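Predicted model only: the values in this text are computed from it and were never measured.
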Amino acid sequence: MKKILLVLLLSAFFLSGCGTKDDGNSLPVETNQPNKNTSNTEQMEEPKQTENGGRTEEPEQMENTVQTEVTKPAEKEDVTGIYTDKQGTSDVYSQLTLALQPDGTYTAEISVYRVSVLEGTAVWEGDALRFTSKDPYVLADISITGGKAEVVFITGAVGFQTGDVYSFPDGAPDESAAGQAEGATFQPSLFDEIAAEISYAEEREKEIEKKLQEAVTQMDMNITAAEIYQMWDDTLNIVWGLLEANLSEADMEVLRKEEREWIAFKDAEVQTAGQECEGGSIQPLVESTTAADLTKARVYELAEYAR
């Protein structure tokens with residue numbers, strides 16, 4: 001019995017040991033879990049790398065999108081051409097010449113009769129071309145509407161003042177204008193040249209008369225009246241020179257005789273007018289005003305010889 005009991009105890013002991021051995025075999029299965037976690041971590045990190053890679057690509061995509069969405073400035077119409085001011089005649093007195101260059105700028109020339117000629121460049125700024133001259137330095141805005149041009153001066157120079165406006169209503173863009181710009185000349189008729197001189201003198205007279213109205217002292221009035229007379233006398237000399245350069249010698253001989261008679265008449269009229277207030281402070285004003293009126297009338301008479 002004792003032997004049988006001993007055998008049973010030993011069998012039970014070995015059986016319990018085998019169970020423990022099986023439990024030990026199950027541990028590697030459990031210890032593999034951390035490895036699985038590590039594998040999962042790596043799997044999670046890979047999407048992050050992919051995500052990070054995606055993030056580095058997104059700014060480029062956005063940048064490309066922004067560049068695509070930027071609105072390009074509307075291309076301006078080519079306004080190359082010669083714009084003119086004929087002052088109601090068949091000949092050109094003033095002109096604005098524009099020629100488009102490969103870089104999008106314009107070469108420009110503003111020629112105003114009896115004032116000056118300015119050369120420079122013009123670039124679009126909004127709806128107007130900003131003109132910049134070379135020498136002297138002048139800024140102006142050029143507006144083109146329906147084949148007509150207008151120039152407004154922003155800064156002045158000799159012959160031009162800030163705020164001066166010149167219109168060129170008679171010329172329209174011409175495809176061949178760029179080629180015409182070089183060496184293009186215009187020769188108005190004799191009558192048109194004289195008419196332009198008279199028009200210029202009339203404008204100057206308005207400016208000087210405004211000064212006369214604003215004069216405070218008698219001396220200022222006398223000086224301003226003399227300025228008006230001098231201006232018309234200068235105009236008469238210009239007109240006379242134009243006639244002398246264009247009329248035949250026979251016609252000029254007749255005109256010289258008539259001119260000598262007119263000068264004698266003018267001097268007598270001025271003297272008579274001055275005698276009425278002789279010795280008074282107003283006498284110079286009266287004499288200058290009389291001389292200016294007579295000289296102005298003579299200029300209009302001389303213009304008729306050019307017809």
Side-chain angles (χ1 to χ4, degrees), residues 70-188 192-193 195-211 214 231:
V70 171
T71 302
K72 294 182 179 179
E75 292 186 2
K76 296 290 187 180
E77 178 186 358
D78 183 2
V79 293
T80 293
I82 296 178
Y83 302 83
T84 60
D85 177 15
K86 299 180 181 179
Q87 298 186 10
T89 69
S90 59
D91 297 301
V92 175
Y93 286 90
S94 300
Q95 70 180 33
L96 164 67
T97 304
L98 296 173
L100 182 62
Q101 302 302 300
D103 62 359
T105 65
Y106 286 84
T107 58
E109 179 181 284
I110 303 173
S111 176
V112 178
Y113 182 64
R114 290 196 78 242
V115 178
S116 184
V117 177
L118 295 173
E119 296 181 352
T121 58
V123 296
W124 284 109
E125 289 193 7
D127 295 330
L129 284 167
R130 174 59 56 84
F131 170 79
T132 304
S133 65
K134 297 176 181 178
D135 185 23
Y137 178 75
V138 173
L139 293 178
D141 279 338
I142 302 173
S143 301
I144 309 295
T145 305
K148 300 179 180 181
E150 184 177 83
V151 178
V152 180
F153 281 85
I154 300 172
T155 61
V158 177
F160 299 98
Q161 295 182 0
T162 301
D164 280 354
V165 179
Y166 291 93
S167 297
F168 301 87
D170 304 315
D174 184 354
E175 293 180 357
S176 62
Q180 296 177 4
E182 297 181 1
T185 57
F186 300 92
Q187 184 60 46
D192 290 339
E193 284 189 85
E197 293 293 342
I198 293 174
S199 177
Y200 176 77
E202 289 173 340
E203 292 300 317
R204 287 285 298 129
E205 183 181 39
K206 291 177 183 178
E207 296 175 4
I208 302 173
E209 283 183 341
K210 184 176 180 181
K211 288 171 53 179
E214 295 173 351
M231 186 273 300

Q: Report yes if the side chains of Asp85 and Gln95 come closer than 4.5 Å at any heavy-atom pair, otherwise no.
A: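 With C-beta onward as the side chain, the pair stays apart.
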Q: Which value, rounded to the nearest 0.5 Å, describes the distance between Glu205 atom CD and Glu207 atom CD?
A: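 Answer rounded to 0.5 Å: 11.0 Å.
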Q: Are any side-chain N or O atoms of Asp170 and backbone N or O atoms of Lys86, one a donor and one an acceptor, separated by less than 3.5 Å?
A: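 A pair under 3.5 Å: yes.
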Q: Mind checking whether Thr162 and Phe153 have side chains closer than 4.5 Å, heavy atoms only?
A: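 No, their side chains stay 4.5 Å or more apart.
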Q: Counting N and O atoms only, with roles assigned by atom type, does the side chain of Gln101 sit under 3.5 Å from a partner on the main chain of Ala99, one being a donor and the other an acceptor?
A: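 At least one qualifying donor-acceptor pair exists.
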Q: Can you measure from OG1 (Thr97) to CD1 (Ile82) and round to the nearest 0.5 angstrom?
A: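 So the OG1 of Thr97 and the CD1 of Ile82 are separated by 4.5 Å.
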Q: Atom OG1 of Thr105 and atom CG of Leu100: how far apart are they, to the nearest 0.5 Å?
A: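 Separation between the atoms: 7.5 Å.
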Q: Between Lys76 and Asp127, is the side-chain contact (heavy atoms from CB on, under 4.5 Å) condition met? List the steps.
A: CA-CA 9 Å; Lys76 296 290 187 180; Asp127 295 330; 3.7 Å; yes
Q: Would you say that Tyr113 contacts Glu197 through its side chain, given a criterion of any heavy-atom pair below 4.5 Å between the two side chains?
A: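 Yes. Closest side-chain heavy atoms under 4.5 Å.
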Q: Check whether any side-chain heavy atom of Thr84 sits under 4.5 Å from a side-chain heavy atom of Phe168, and report yes or no.
A: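 A side-chain contact under 4.5 Å is absent here.
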Q: For the atom pair CD1 (Ile142) and CD (Glu150), what is the distance rounded to the nearest 0.5 Å?
A: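 Output value for this atom pair is 11.0 Å.
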Q: Are the side chains of Phe131 and Leu118 in contact, using a 4.5 Å heavy-atom criterion?
A: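 Yes, their side chains come closer than 4.5 Å.
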Q: Could you go through Ile154 and Arg130, starting from their C-alpha distance and side-chain angles, then the distance that decides it, and tell me whether this counts as side-chain contact (heavy atoms from CB on, under 4.5 Å)?
A: CA-CA 10 Å; Ile154 300 172; Arg130 174 59 56 84; 3.5 Å; yes
Q: If you apply the rule side-chain contact (heavy atoms from CB on, under 4.5 Å), what do you find for Leu98 with Ile144, and how did you get there?
A: CA-CA 11 Å; Leu98 296 173; Ile144 309 295; 4.1 Å; yes
Q: Locate the shortest heavy-atom distance separating Gly156 from Val138; write the atom from each residue and the value.
A: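 Looking at all heavy atoms of both residues, the closest pair is O-CG2, 4.2 Å.
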Q: Could you report the tightest heavy-atom contact between Glu193 and Tyr93, atom names first, then the distance?
A: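 Minimum heavy-atom contact is N-OH, 3.2 Å.
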Q: When you look at Lys206 and Glu209, which way does the salt bridge (charged side-chain N to carboxylate O under 4.0 Å, His left out) test go after all the steps?
A: CA-CA 5 Å; Lys206 291 177 183 178; Glu209 283 183 341; over 6 Å; no
Q: Using side-chain contact (heavy atoms from CB on, under 4.5 Å), reason through Val79 and Leu129 one step at a time and then give a plain yes or no.
A: CA-CA 10 Å; Val79 293; Leu129 284 167; 3.9 Å; yes
